[in-house]
Structure formats: C-alpha cells, structure tokens
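Chain naming here is simple, since letters A, B, ... match the order of the sequence lines and numbering starts at 1 in each.
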2 protein chains.
Amino acid sequence: MRANTFKSDLFSQFARVGKALSNPNRLELLEFLAQGARSVESLANSTSLSVANTSQHLQHLRQAGLVTSQKKGLKVYYSISGDDVIHLLDSLRDVAERHISDVDKIVTTYLTAKDHLDPIPATELLKRVKQDLVTVLDVRPKEEYDAGHVRGAINIPIEELEQHLQQLDPAQEIVAYCRGPHCILAFDAVEQLRKKGFQAHRLEKGYPEWKVAGLPIEKTISTTH
Amino acid sequence: MRANTFKSDLFSQFARVGKALSNPNRLELLEFLAQGARSVESLANSTSLSVANTSQHLQHLRQAGLVTSQKKGLKVYYSISGDDVIHLLDSLRDVAERHISDVDKIVTTYLTAKDHLDPIPATELLKRVKQDLVTVLDVRPKEEYDAGHVRGAINIPIEELEQHLQQLDPAQEIVAYCRGPHCILAFDAVEQLRKKGFQAHRLEKGYPEWKVAGLPIEKTISTTH
DNA sequence: CTAGCATTCAATTAATTACTTGAATAGATT
DNA sequence: AATCTATTCAAGTAATTAATTGAATGCTAG
C-alpha cells in the first residue's frame, strides 16, 4: 500500500532525529556545539568521553542531520547544522521541564536559590543594556566566549569569578548568562555574586538562544594560525 | 562534583524525551494523538500494532511526559500533554526535512506532483476564508474531524472523496488539509481533485498546527454515552 | 618521504529496546 | 456475585545501542 510505506518510511526518518536526541552524552555534545564549532578532541576533553567514543557520537549526530563537519588542517571541526536545531533543543528542554517532574526536582535539589534566581528575558536585558543599567557577564570558558557572545558582555569564566570580582562595578546590576536555560554556570555565578553583595540576576536563556533570536552579538577576532 | 552530576542528571532527563521520539511507531501514535484524545484500542486499530504493544508505547510516551491518560468508563484515553509537544514534533520534522536528504527523496518518490503541490500557509487560508473565496476540505477520518477541525471546514475522508465530489463547488478553489505537514491524505486529495479539474491546494501544515496557533476551530458536539 | 597527530574504523562486550504471547487486573454490565 | 471488556503486566527472544580497545587512515610539517 503506497500510503503506508510512505508513512512508515517518513516516520523512520523522523525517528533518526529522535534517536540522535536519545542519549545524554549526545545532548551534551550538542550543547557545546551550540556555542560554536569545536574539534573532536576539544569536545572529548570537555566531556568525560574518549576521543573514539566522541567521534562515534558525532557521526551519529551527523547522520541525523543535526551537525556538520569540516576539516581544517589537522582537525575536524563540527558545527550545529542550523538555527532549527537550536529551536529543536529548546523545544526538547521545554517539554522536559514542563512535563517531567524529575527535572524540577533535580534543579531544586542542586540549587538552593529560590524561584530559579529570577531569570530575566532577553528583551528585558536588551532594554536595560541600552540604558546602560547593567553589566552583562558571560561565565562560559574563554573558548566559547571568543566563538561568539552577547554584544558588550565581559567574560569571566566561572572558576575565575571569585578572583576577579574587582572587575565588576558593585553599584550596577549584573546579569549573568552561559550555555542555555539549564546551564549551571550562570546559576552558580548569581549565587556567588549575591553572597558578595552584588545585585545579580540570570539571563533566562543562553547565548545560542540569544543568537538565533537575531539579537546583537560579537566575536573575538582570531588571527589565522 | 556538584556541577557534573547536576548536568548529567539533567541531560539524562532530556534524553528520556529524545528516547520517546526515537521510535517510528511512537511518532505515529503521537501524530494520531495530536488530532485529539484516543483510546488504546482505537490507536491499535489505526496502526499496525497489537493492543499490548500500543499500550507499552503509550506508557513510554507518558513516562517521557509527552502524553497523559485518563480513564473514562471502560476505556483509557490518551492525549497530548500540551501545545509544547506539538511544537516539539513540528521542530523535529522541520529539522529532518531540512537536513536529512532522504526525507525529500521519500516525498518525491511517493508523490508525483511537483513542488509539493504549492502549499498555502495558514494566514493566507484565513484571509481567503474571510472573503469566502475557498472551500476548506478536511480529509481525515470522521473521528478525527469530530474531535476538532478548522472552523467552517467540511469533512470528506479521503477514501470517500471520489464518491462525494458533487459536494464540492467546481467554481471555487479548494484547500485540503489533514494531520500535519507530511500527512499524505491532503497530498492525495489535491492530486485527485486536480485530475477532476478542480483548482486545489494543500494547507501547508495540519490541524494540530492550526489549533496551537490559536486559529479558529470548532468541534462536533458529542452527546454523552 | 617519513614521523607525528587527529580522527575514524572494526571488533567485542554489556546493556537496552521492541515485540510477542499469555496471564492478571480493574471497572462496568448482567 | 459472575461475566465481560479494555488495558496493563510479566516473561522471553531477537535486535539494536553504547562504550572500550587497538589498529588503520589521511593529513601536515619537518
């Protein structure tokens, strides 16, 4: 029957994308890639995976159409295929957050702060930035910041925050962001900053969402090497 | 390390949703459920699955938060958990369509018509409806039409289309829709109608997308039974 | 053109998943 | 209370998936 094989062929294709999203390690790789292109080795170092295993997962993702790869010199760089993939990941997290009660349990178990630290939406941040009311703080590793960040944001990786507090104006509100709505770095940063007396908030989502919304970004220019 | 178990715990939760989307049969069940609530038996009849197997898949979906169940009399009715799930499914299909070349291959293999039969977007249909320029045709089974349909649409299930052509005004444009952007029913309907000399087009997406966009719908009132 | 490096491939093992079959449960109907 | 009906549970098999290890490939730079 024409209609039935068409249907099952199509659902099998859609399921390939679902399969790619069905492994926690692959989801972590996608979150890293959403920040910018990365080599296999670099990804393996950022996760707890072996290089060979990382490579296999990346190929799985590529076959599902979620990432693309490009060889540059000795290294192979993987990137997210498009903005639609960022939206898909956002949708996935959104559904999980709304309908799986364990997600909320995990967040409240690991984070002491109440009501998720009052996240502020991107549009609101943009407004305050224009009035010069806030310091925007990117707490991701330098590598990710360099690959692209919210325009005007300063970068203090979370591990260095305590040592570099003097870079921050105690009189001005701070809005911290990182990789996405559930990335712990910004949560941690806000907690630390509040303890030190700063007025700190978390950006509702992360850099990838800011970028695909078409909001202003900038990159650290890298010289050819 | 606090951050790492938080992260892997969270990604494991998100992966549960991915897992639920990783099986073609579950995706088909979700597509049916997106049309309206359905009993296990009814879903088993609409698919090629046994009742026990259908039940297991539905439980898998429920554990991932994608569907909810409610017992009414003898039967258990399953429903989509929320609009966010419809968006997730749309996002999934969108990514697959854009980045997996096989998807386009399948569509063009099974469908002779060129450029996917000129789909018209929902906003455009709404405009033409207001000017009374089109007949909106729902070609899904009556059960799905009754559970909810585009306001003003008439229902002729695809198998009955050939016998009921006299219900359609040959002078007016026809826009056909069904379960979603890749549902074959509307493709078939447009093909059939064009052969008979009608000016027919396909609605770009299906009923679930129309509904979650907040566009006007209506339901067939069912008496209690 | 050889040595070194990043990535991929191939083979294996352990774990998970899909589906079938038949029995069990929990409500509704007689 | 006994029976019927829709769904779920439980056990078993076949198939798929994740991760490890070590070898192979394909560039690059000396």
Side chain to side chain contact (heavy atoms under 4.5 Å, CB included) for Phe32(B) and Thr47(B)? Distances and angles first, verdict last.
CA-CA 9 Å; Phe32(B) 280 119; Thr47(B) 60; 3.8 Å; yes
With the threshold set at under 4.0 Å for non-hydrogen atoms, list the residues of residues 38-65 of chain B touching DNA chain D in residue-number order.
Ser39(B), Val40(B), Glu41(B), Val51(B), Ala52(B), Ser55(B), Gln56(B), Gln59(B)
Hey, is the side chain of Tyr78(B) poking within less than 4.0 Å of OP1 or OP2 on dA6(D), counting only N and O atoms?
no
In the structure I gave you, are the side-chain heavy atoms of Val150(B) and Leu215(B) within less than 4.5 Å of one another anywhere?
no
Without hydrogens or angle criteria, can the side chains of Asn23(A) and His60(A) be said to hold a donor-acceptor pair below 3.5 Å?
no
Given atom CZ of Arg16(A) and atom P of dT17(D), what is their separation to the nearest angstrom?
12 Å
Would one find a side-chain N or O of Asn23(A) under 4.0 angstrom from OP1 or OP2 of dT16(C)?
no
I'd like to know whether Arg93(B) forms a salt bridge (Lys or Arg N to Asp or Glu O under 4.0 Å) with Glu209(B), so could you lay out the CA-CA distance, the side-chain angles of the two residues, the decisive distance to 0.1 Å, and finally the verdict.
CA-CA 12 Å; Arg93(B) 282 188 290 247; Glu209(B) 291 82 9; 2.9 Å; yes
Round to a whole Å and report the spacing from CG of Leu29(A) to C1' of dA18(D).
13 Å
Can you tell me if the side-chain N/O atoms of Lys19(A) get under 4.0 Å from OP1 or OP2 in dT17(D)?
yes
Rounded to the Å, how far apart are Leu74(A) CG and dC5(C) P?
9 Å
Separation of Tyr77(A) atom OH from dT8(C) atom P, in whole Å?
13 Å
Looking at Tyr78(A), is Arg38(A) sitting on its ring face, NZ or CZ under 6.0 Å from the six-membered ring centre and within 45 degrees of the normal?
no
Using the benzene-type ring in the case of Trp, are the ring centres of Phe14(A) and His182(B) under 6.0 Å apart?
yes
How close or far is atom P of dA28(C) from atom NZ of Lys72(B), stated in whole angstroms?
13 Å
